[in-house]
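Working notes for the structure below.
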Amino acid sequence: MTAVKAVGLRKSFKAQTVLKGVSLTVGQGEIFALLGSNGAGKTTTIKILATLLRADSGTAEVCGFDVAKQGRRVRECISLTGQFAAVDDILTGRENLIMIGRLRHLGDPKGEADRQLGEFGLSDAADKPLSTYSGGMRRRLDLAMSMMGSPRVIFLDEPTTGLDPQGRLAVWDTVRTMVESGVTVFLTTQYLEEADSLADRIAILHDGAIAAEGTAAELKRLAPPPKLVLSFLEQGGMAQAAEALAAYGPVPGALTLTVATDGSVNQTAEIMRRLENAGIEASFAQRPPTLEEAFLTIIKEAI
Amino acid sequence: MNVKYAISDTAVMTGRVMKQIFRSLDTIITVLFMPVAMLLAMNYVFGGAMDLGGVGTVDYMLAGIIMMCVLSGVAYTAYRIHVDVQKGLFERFHSMPVAKSSILGGHVLTSIVSNAVSVIAIILIGLLIGFRPEAGAVGWLMAALVIILFIAAMTWVSVFFGLAMKSVETAGVFAYLLIGLIFASSSFVPTGSMPPALAAFALHQPMTPIADSVRLLLLGEPPGNSLPIALAWCIGIGAAFWAMSVKAYGRRA
Ligand SMILES: Nc1ncnc2c1ncn2[C@@H]1O[C@H](COP(=O)(O)OP(=O)(O)OP(=O)(O)O)[C@@H](O)[C@H]1O
Ligand SMILES: [Mg+2]
């Protein structure tokens with residue numbers, strides 16, 4: 001089942017073309033992360049999918065409904081949590097939830113509000129004004145409001161921006177619990193770490209199009225092959241090794257040399273042999289590529 | 001989409017904005033206190049010093065005080081709309097299956113109802129300090145009509161500025177400029193006792209016929225030309241700012 005499907009979305013603001021043909025597919029029950037730098041067009045993409053903006057061209061379907069032609073059907077099956085917590089500060093947490101429940105025309109908005117307050121650990125603060133809430137609590141309320149009425153697809157625009165590390169972990173946990181109920185989560189983030197640890201699939205939005213797409217593991221394969229990190233006990237050994245491995249362009253660090261390899265057994269064995277022949281004492285570790293390296297490689301290739 | 005949802009959505013939105021008013025004491029104090037303080041000052045401090053053409057100070061000035069009260073009320077309407085846009089609440093509502101008309105509709109209804117209540121409060125306070133209306137039922141109804149249309153027109157002006165202004169600080173500034181317009185009208189001083197240039201201006205701007213018609217109607221005197229001119233101004237301003245608001249809303253939302 002496809003929860004979100006976009007084909008060739010284009011969008012310009014005045015002279016600036018922000019989206020130049022974005023295509024993506026998100027399966028039911030997935031956590032999908034749209035990764036991109038500041039101003040890449042993440043919010044623009046989400047707004048088009050959530051029927052807040054109209055694409056200049058291209059098509060998109062959410063829950064099987066066309067976002068341009070069946071906006072109301074789409075809105076009935078989604079919820080959107082914007083980049084900044086959209087909560088009413090004058091109301092209490094409970095009142096915010098009940099308001100959303102009524103606007104979603106639920107049968108029992110109060111009961112549903114109670115359930116979400118419990119789910120998001122806000123029962124104790126339920127009847128306090130929002131001015132007493134911490135940033136993390138506001139974000140949790142924001143997410144709880146999005147869960148009112150069990151939407152099938154949840155859009156989260158940079159859900160952890162502005163939170164401290166603890167708050168970020170709490171939101172990650174919340175998102176993981178949310179998908180247990182079968183909901184699809186479409187989130188945007190600037191943090192590679194967030195996409196890496198949270199998302200089933202990641203798409204990298206760069207220069208108005210999807211530059212790469214896949215699981216974190218698949219994307220990491222696009223990064224340069226693993227590097228060999230050699231550690232030495234003393235400076236002399238390190239200098240000797242640098243000489244022996246000059247052909248590989250070793251990068252010196254603090255009693256370490258980092259050598260880029262092609263990842264093959266042959267080449268690694270050759271490097272080890274040279275060290276052994278020179279009688280140098282060293283230990284080694286292989287550093288797997290990070291998503292960040294993958295991201296940078298993909299972006300460089302796109303240029 | 002069906003009417004039932006449009007009505008229930010508007011009710012929810014209106015309830016929300018009403019709560020915002022009742023929970024911010026400063027709104028109530030500013031809206032009622034400032035005009036009343038001004039009325040008291042005019043009455044007791046300057047009282048007999050002004051020549052109002054034989055009309056008592058409170059009787060003369062109450063219409064202008066009502067208008068001031070409405071303008072300080074709609075400044076908050078603009079502020080609340082601006083905050084909703086800034087906070088992303090409008091976007092949240094737009095991504096929900098909510099009747100679109102209810103989103104601004106809740107603000108507009110709340111503004112009209114709360115301002116009407118403030119005006120009633122001002123009239124009651126006026127009665128306590130010597131306001132002596134002599135209008136019959138028709139006079140009261142006509143005065144109420146002018147006041148409601150004035151509230152509606154100013155509400156749409158506030159919706160426009162709430163949507164169009166870039167910062168919270170500037171969202172309500174229009175209301176204070178319009179209060180200036182009240183001072184430059186016949187609201188507190190008859191145009192006859194103004195310097196000629198000011199009088200000419202006062203005679204051709206909307207606040208003068210609005211204040212004159214409300215005052216004359218409440219005092220049981222024939223409003224003459226001021227009534228149709230006041231109605232035309234209110235409807236014209238309301239319609240123009242309604243159209244501008246709808247356009248600005250499309251841009252912002
Ligand atoms: N309504 C608008 N009018 C004009 N330009 C806009 C509008 N909305 C977005 N833009 C521009 O489009 C570009 C992409 O914006 P968008 O908000 O989609 O980026 P983003 O990836 O969400 O960035 P961020 O990480 O900063 O939230 C930016 O350069 C922005 O200035
Ligand atoms: Mg954004």
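Letters go in sequence order (proteins before strands), and every chain restarts at 1.
- At a 4.5 Å heavy-atom cutoff, A:Asn96 makes no contact with chain B through either its backbone or its side chain.
- At most 12 non-hydrogen atoms from other residues, nucleotides or ligands lie less than 6.0 angstrom from CZ of A:Arg54.
- Contact annotation for A:Glu95: only side-chain heavy atoms (C-beta onward) come within less than 4.5 Å of a heavy atom of chain B.
- Other residues, nucleotides and ligands contribute over 12 non-hydrogen atoms within 6.0 Å of the OH atom of B:Tyr176.
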Legend entry - side chain to side chain donor-acceptor pair (under 3.5 Å) between A:Ser79 and B:Arg92, intermediate numbers included: CA-CA 8 Å; A:Ser79 79; B:Arg92 164 159 248 147; over 6 Å; no
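- Here the CD1 atom belonging to A:Ile98 is positioned 15.0 Å from the CZ atom belonging to B:Arg16, to the nearest 0.5 angstrom.
- Residues A:Leu91 and B:Arg23 come closest through the heavy atom pair CA-NH1, 3.8 Å.
- Salt bridge status for A:Asp88 with B:Lys19: absent, with no side-chain N to carboxylate O gap under 4.0 Å.
- With a 6.0 Å radius and a threshold of 12 heavy atoms from other residues, nucleotides or ligands, A:Asp124 has its CG atom at or below the threshold.
- Of all the heavy atoms in B:Ser8 and A:His105, the pair that sits closest is OG-CD2, 4.2 Å.
- Here the side chains of A:Arg104 and B:Val98 are not in contact, with every heavy-atom distance at 4.5 Å or above.
- Checking side-chain atoms of A:Arg102 against main-chain N and O of B:Val12 turns up no donor-acceptor pair under 3.5 Å.
- No more than 12 heavy atoms of other residues, nucleotides or ligands lie within 6.0 Å of CZ in A:Phe84, so this atom counts as exposed by the packing criterion.
- Residue with the most contacts toward chain B among A:Val74, A:Thr51, A:Asp89: A:Asp89 (heavy-atom pairs, distance under 4.5 Å).
- In terms of heavy atoms, A:Ala86 sits closest to B:Gly88 at CB-O, 3.5 Å.
- Heavy atoms of B:Ser102 lying under 4.5 Å from chain A are absent altogether.
- B:Tyr79 OH: 12 or fewer foreign heavy atoms inside a 6.0 Å radius.
- The side-chain contact (heavy atoms from CB on, under 4.5 Å) test with B:His94 singles out one residue from A:Leu52, A:Leu53, A:Leu80, and that residue is A:Leu52.
- Atoms CD1 and OG1, from A:Ile90 and B:Thr27 in turn, are 8.0 Å apart once rounded to the nearest 0.5 Å.
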Inset, instruction - I would like to know whether B:Phe93 and A:Met99 meet side chain to side chain contact (heavy atoms under 4.5 Å, CB included); could you show each step before the answer? - result: CA-CA 11 Å; B:Phe93 295 143; A:Met99 167 182 77; 4.1 Å; yes
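- Here the OH atom belonging to B:Tyr5 is positioned 7.5 Å from the CZ atom belonging to A:Arg72, to the nearest 0.5 angstrom.
- For the pair B:Glu91 and A:Lys47, the minimum side-chain heavy-atom distance is below 4.5 Å.
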